[in-house]
Amino acid sequence: MLKYFLTPILLIYVFTSFSQIKSPDWLRGNWYGNGFQTDNNAFWPIEVQFDNSDEVIKITYPSLNCGGNWKLISVDGNKADFVEMISEGKTNCIDGSRIVLSRINEENIHVTWFSPHISGADAFAVISRKKPEWLNGKWDGRGFQPQGGKSLWSVNFSYNSKTDEAQVSYPSLACSGNWKMVSNEANRVIFKEVITIGKESCIDGSEIIVHKIDDKFISVTWLSANKKQPDAFSTLEKRK
């Protein structure tokens with residue numbers, strides 16, 4: 001958002017870093033929040049999208065009619081530095097700001113903008129993970145497990161984006177529990193499965209990958225907690 005002049009040495013460092021450092025996994029997904037500008041006490045919405053299919057972090061300021069992307073400079077655990085590259089609406093937002101992200105938890109990230117024109121930070125925001133509203137509702141289907149006799153079993157799943165509750169049950173296996181969201185992208189959500197009932201029948205701790213097929217169907221893949229490879233598959237249909 002705020003102007004940041006890059007020296008030739010810094011430019012070399014930045015573009016070298018792009019090729020060597022990957023953006024942090026904790027940033028993957030869709031995020032939204034409101035920025036606060038200290039020099040004029042202005043508030044503006046901010047939207048961030050980091051899709052798993054590429055390393056591009058897209059940034060949009062809807063009320064300012066500008067946007068672009070963040071280019072990575074460095075990562076250190078739960079902190080990451082970027083340079084903001086404005087590609088749309090350059091007359092509304094200044095290209096080249098330095099952005100510092102600090103991870104608060106799985107659902108929230110603190111953002112700080114730095115300007116070369118004043119001492120200290122110039123703007124702040126807390127962005128939160130955007131919930132996948134397309135996943136709302138109740139879904140049913142049958143899971144298929146290739147290993148161990150190629151078994152089939154029933155699956156009932158429900159999700160509420162307002163409460164962020166993701167509940168799952170496997171009636172034919174007499175077990176159930178919940179899915180804890182790990183990351184959320186445009187049409188892809190990753191969960192961790194927590195079995196609370198029937199642990200002797202179902203393995204606890206699997207990674208669950210959900211893809212949106214369309215408004216009526218989703219695909220689900222179970223990854224074994226130990227093997228970290230696909231263990232079971234399903235296509236679930238939304239209940240009417």
Side-chain angles (χ1 to χ4, degrees), residues 21-31 48-58 75 78 103 105-107 129-240:
I21 307 174
K22 289 187 176 181
S23 297
D25 286 338
W26 47 261
L27 182 57
R28 294 189 182 278
N30 297 321
W31 306 81
V48 181
Q49 181 180 345
F50 182 18
D51 199 305
N52 190 57
S53 62
D54 53 39
E55 286 294 314
V56 177
I57 301 172
K58 299 177 182 178
V75 177
N78 289 324
R103 185 189 188 201
N105 51 41
E106 292 182 354
E107 302 299 322
R129 191 180 295 279
K130 194 171 184 178
K131 305 306 178 184
E133 295 184 359
W134 54 266
L135 195 54
N136 277 329
K138 297 180 179 181
W139 307 78
D140 296 325
R142 293 175 68 90
F144 172 65
Q145 194 145 5
Q147 298 85 2
K150 297 183 178 180
S151 59
L152 287 169
W153 24 268
S154 55
V155 184
N156 296 332
F157 169 68
S158 65
Y159 178 72
N160 186 327
S161 61
K162 292 183 179 180
T163 60
D164 200 27
E165 293 180 344
Q167 299 179 333
V168 65
S169 66
Y170 306 99
S172 59
L173 300 177
C175 62
S176 60
N178 57 77
W179 290 350
K180 182 180 179 182
M181 190 178 296
V182 176
S183 68
N184 167 32
E185 297 159 16
N187 292 309
R188 179 177 183 265
V189 184
I190 299 177
F191 295 94
K192 180 179 180 180
E193 185 169 65
V194 180
I195 298 296
T196 55
I197 298 175
K199 289 187 177 183
E200 65 280 1
S201 303
C202 294
I203 299 174
D204 187 31
S206 296
E207 183 175 285
I208 313 296
I209 301 177
V210 179
H211 282 93
K212 179 183 179 181
I213 299 175
D214 55 32
D215 291 338
K216 293 181 60 179
F217 295 96
I218 56 175
S219 69
V220 183
T221 304
W222 287 258
L223 277 71
S224 169
N226 298 323
K227 298 179 181 179
K228 287 295 181 181
Q229 62 184 18
D231 185 53
F233 309 89
S234 181
T235 297
L236 304 184
E237 183 177 5
K238 194 169 189 177
R239 296 185 207 170
K240 295 181 179 179

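Side chains included, hydrogens not; waters and symmetry mates left out as well; all remaining heavy atoms used.
Taking each heavy atom of Arg28 and Arg129 in turn, the nearest pair found is O-NH1, 3.0 Å. Here the shortest heavy-atom pairing between Ser201 and Leu173 reads CB-O, 3.2 Å. The heavy-atom pair separating Val56 from Phe50 by the smallest distance is O-CD1, 3.6 Å. Of all heavy-atom pairs between Glu193 and Trp222, the closest is OE2-NE1, 3.7 Å. Pairing each heavy atom of Lys131 with each of Tyr159, the nearest pair is CB-OH, 3.8 Å. Lys199 approaches Ile195 most closely through the heavy-atom pair CE-O, 2.7 Å.
At least one side-chain heavy atom of Phe191 sits under 4.5 Å from a side-chain heavy atom of Val210. Between Glu207 and Ile190, some side-chain heavy-atom pair lies under the 4.5 Å cut-off. Side-chain contact between Glu165 and Asn178 is absent, with no heavy atoms from C-beta onward closer than 4.5 Å. The side-chain heavy atoms of Val48 and Ile57, taken from C-beta on, include a pair separated by under 4.5 Å. Here the side chains of Val168 and Val155 are in contact, with some heavy-atom distance below 4.5 Å. Counting only heavy atoms from C-beta outward, the side chains of Ile218 and Leu135 approach each other to under 4.5 Å. Residues Ile209 and Leu223 form a side-chain contact, since some pair of their non-hydrogen atoms from C-beta on lies under 4.5 Å apart.
In this structure, CG in Asp25 is found 8.5 Å from OG in Ser183, a value given to the nearest 0.5 Å. Between the OG1 atom in Thr235 and the NE2 atom in His211 there is a gap of 12.0 Å [rounded to 0.5 Å]. Trp139 contributes atom CH2, which lies 9.0 Å from atom CD of Glu237 (distance to the nearest 0.5 angstrom). Atom CG of residue Leu27 and atom CG of residue Asn78 lie 11.5 Å apart, to the nearest 0.5 angstrom. Residue Ser219 holds its OG atom at 10.0 Å from CZ of Arg188, rounded to the nearest 0.5 Å. For the atom pair Asp231 CG and Phe144 CZ, the distance stands at 11.0 Å (nearest 0.5 Å).
Looking at Lys212 and Asp215, a side-chain N of the basic residue comes within less than 4.0 Å of a carboxylate O on the acidic one, giving a salt bridge. Between Lys162 and Glu133 there is no salt bridge, since no side-chain N of the basic residue sits under 4.0 Å from a carboxylate O of the acidic one.
Open room surrounds NZ on Lys192; 12 or fewer heavy atoms of other groups in view lie less than 6.0 Å from it.
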Q: Dump the intermediate steps for side chain to side chain contact (heavy atoms under 4.5 Å, CB included) on Asp204 and Val194, then the final yes or no.
A: CA-CA 6 Å; Asp204 187 31; Val194 180; 4.2 Å; yes

Q. Which is it for Tyr170 and Asn156 under the side chain to side chain donor-acceptor pair (under 3.5 Å) test, yes or no, and what are the steps along the way?
A. CA-CA 6 Å; Tyr170 306 99; Asn156 296 332; over 6 Å; no

(Q) If you apply the rule side chain to side chain contact (heavy atoms under 4.5 Å, CB included), what do you find for Ile208 with Thr221, and how did you get there? (A) CA-CA 6 Å; Ile208 313 296; Thr221 304; over 6 Å; no

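A ring-centre distance under 6.0 Å is found for Trp179 and Phe157.
Judged by distance alone, the side chain of Ser234 and the main-chain N or O of Arg142 form a donor-acceptor pair under 3.5 Å. Judged purely by atom type and a 3.5 angstrom limit, Ser172 has no side-chain atom pairing as donor or acceptor with the backbone of Trp153.
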